[in-house]
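Worksheet: the structure to be examined is printed underneath.
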Amino acid sequence: MSLVHRVEHPLIDHHLCRIRDAATPPSEFRAAVNRLSMILGVSATVDLATRPRKITTPICETTGYELSVHVGIVPILRAGLGMVDPILELLPDASVWHLGLYRNEETAEPVGYYDKLPHENAPNIAMVVDPMLATGGSIDLVIRRLQRWGVDEIRVLSLIASQPGIDRVGRDFPDVKLFVAAIDPELNERSFIVPGLGDAGDRIFDTPQNG
Ligand SMILES: O=P(O)(O)OC[C@H]1O[C@H](OP(=O)(O)OP(=O)(O)O)[C@H](O)[C@@H]1O
Ligand SMILES: O=c1cc[nH]c(=O)[nH]1
Ligand SMILES: [Mg+2]
């Protein structure tokens, strides 16, 4: 089993309600995605390693603690872009590495179209951000790519994941940690999450809905 953390908080319920509602306009949808991502981000960073640093306050010397890991934020284009700013707000020194994928509408299989990861400099921890984990095909491709790059640890932050998608990640990548705001039971005949929220990318960027 993968390590699945469904983050529970009344604010998660509140903002999820907004993003699931088809009547929520794009500006409010984006704002709710931002808030949900920040709450997930706090949960996904609680155990990051720190090292002591001697500092001098205006009063005296003391020891503070600073992060000792190199974190890379990996948004899956396009929809993952909506989650980058709140995670960068929490981790201002993180690098951001973009990977571009879209699902073929007929087969629901992911198609890669952007990948500029270098050969070296893999971060210790990759925080993959994508609001939706449906069949798990896109995240499968991304996890394999990050493992080839040499990332030590992969954490995936998704707002809504389907149970079949979670089962797939757990079976194929038992070391990957998943942080999700909701787990929905199923996919429809077009591989959209039910009840879900429709196409996250289209709702963030106000482009015609596929779902
Ligand atoms: O788990 P899967 O079945 O692979 O589906 C999930 C993927 O589908 C969506 O992206 P989409 O293909 O709609 O691209 P977009 O972000 O450009 O809208 C979503 O943001 C995920 O990347
Ligand atoms: O329900 C879904 C499935 C894939 N991608 C989305 O944006 N929504
Ligand atoms: Mg989309």
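Each ligand, and each atom within it, is numbered from 1 in the order the structure gives.
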_Is a donor from one side chain sitting under 3.5 angstrom from an acceptor on the other, for His70 and Ser95?_
yes

*Any atoms of ligand 2 less than 4.0 Å from a non-hydrogen atom of Ala200? List them with their elements.*
6 (C), 7 (O)

*Under 3.5 Å, N or O to N or O, is Gly136 touching ligand 1 that way?*
yes

_Atoms of ligand 2, numbered as shown, that sit under 4.0 Å from any heavy atom of Ile193_ = 1 (O), 2 (C)

*Quick one: which ligand 1 atoms are inside 4.0 Å of a heavy atom on Gly201?*
18 (O)

*Heavy-atom contacts under 4.0 Å between Thr135 and ligand 1: side chain, backbone, both, or neither?*
both

*Considering all heavy atoms of both residues, which atom of Leu36 and which atom of Ile19 are nearest to each other, and what is their separation?*
CD1-CD1, 3.6 Å

*Does any N or O in the side chain of Arg6 come within less than 3.5 Å of the main-chain N or O of Ile183, such that one atom is a donor and the other an acceptor?*
no

*Do any N or O atoms from the side chain of Asn188 and from the backbone of Phe192 form a donor-acceptor pair under 3.5 angstrom?*
yes

*Who's the nearest protein heavy-atom neighbour of atom 2 (C) of ligand 2, and how far?*
Phe192 CD2, 3.4 Å

*Quick check: does Asp202 have an N/O/S atom under 2.8 Å of the Mg ion (ligand 3)?*
no

*asked:* So if I count the atoms of ligand 1 from 1 in the order they appear, which ones are less than 4.0 Å from some heavy atom of Ala79?
replied: 16 (O), 20 (O)

*With a cut-off of 4.0 Å, which atoms of ligand 1 are near a heavy atom of Leu77?*
16 (O)

*Which protein heavy atom lies closest to atom 5 (N) of ligand 2, and at what distance to 0.1 Å?*
Met132 CB, 4.1 Å

*Could an N or O of ligand 1 be found under 3.5 Å from any N or O of Arg103, whether backbone or side chain?*
yes

*Is the backbone N or O of Ala23 less than 3.5 Å from a side-chain atom of Asp21, with the two atoms forming a donor-acceptor pair by type?*
yes

*Could Arg144 and Phe173 be counted as a cation-pi pair, given that NZ or CZ must be under 6.0 Å from the ring centre and within 45° of the axis?*
no

_Electrostatic pair Arg18:Glu28 at N-O distance under 4.0 angstrom_ = yes

*Measure from atom 6 (C) of ligand 2 to every heavy atom in Ala134, Gly198, Ala79 and give the option owning the shortest one.*
Gly198

*Going by an N to O cut-off under 4.0 Å, is there a salt bridge joining Lys177 and Asp47?*
yes

*Charged N to carboxylate O below 4.0 Å: is that the case for Arg103 and Glu105?*
no

*asked:* Side chain or backbone, does Ser138 bring an N or O within less than 3.5 Å of an N or O on ligand 1?
replied: yes

_Show the atoms of ligand 1 that are less than 4.0 angstrom away from any heavy atom in Tyr102._
12 (O)

*Are Arg103 and ligand 2 in contact, using a heavy-atom cut-off of under 4.0 Å?*
yes

*So, Ser37 side chain and Met83 main chain: donor-acceptor pair closer than 3.5 Å or not?*
no

*Check whether any N or O atom of Pro131, backbone or side chain, sits under 3.5 Å from an N or O atom of ligand 1, and answer yes or no.*
no

_If we only consider heavy atoms of Ser191, is any one of them less than 4.0 Å away from an atom in ligand 1?_
no

*Is Ser158 reaching over with its side chain to a backbone N or O of Ile160, donor-acceptor style, under 3.5 angstrom?*
no

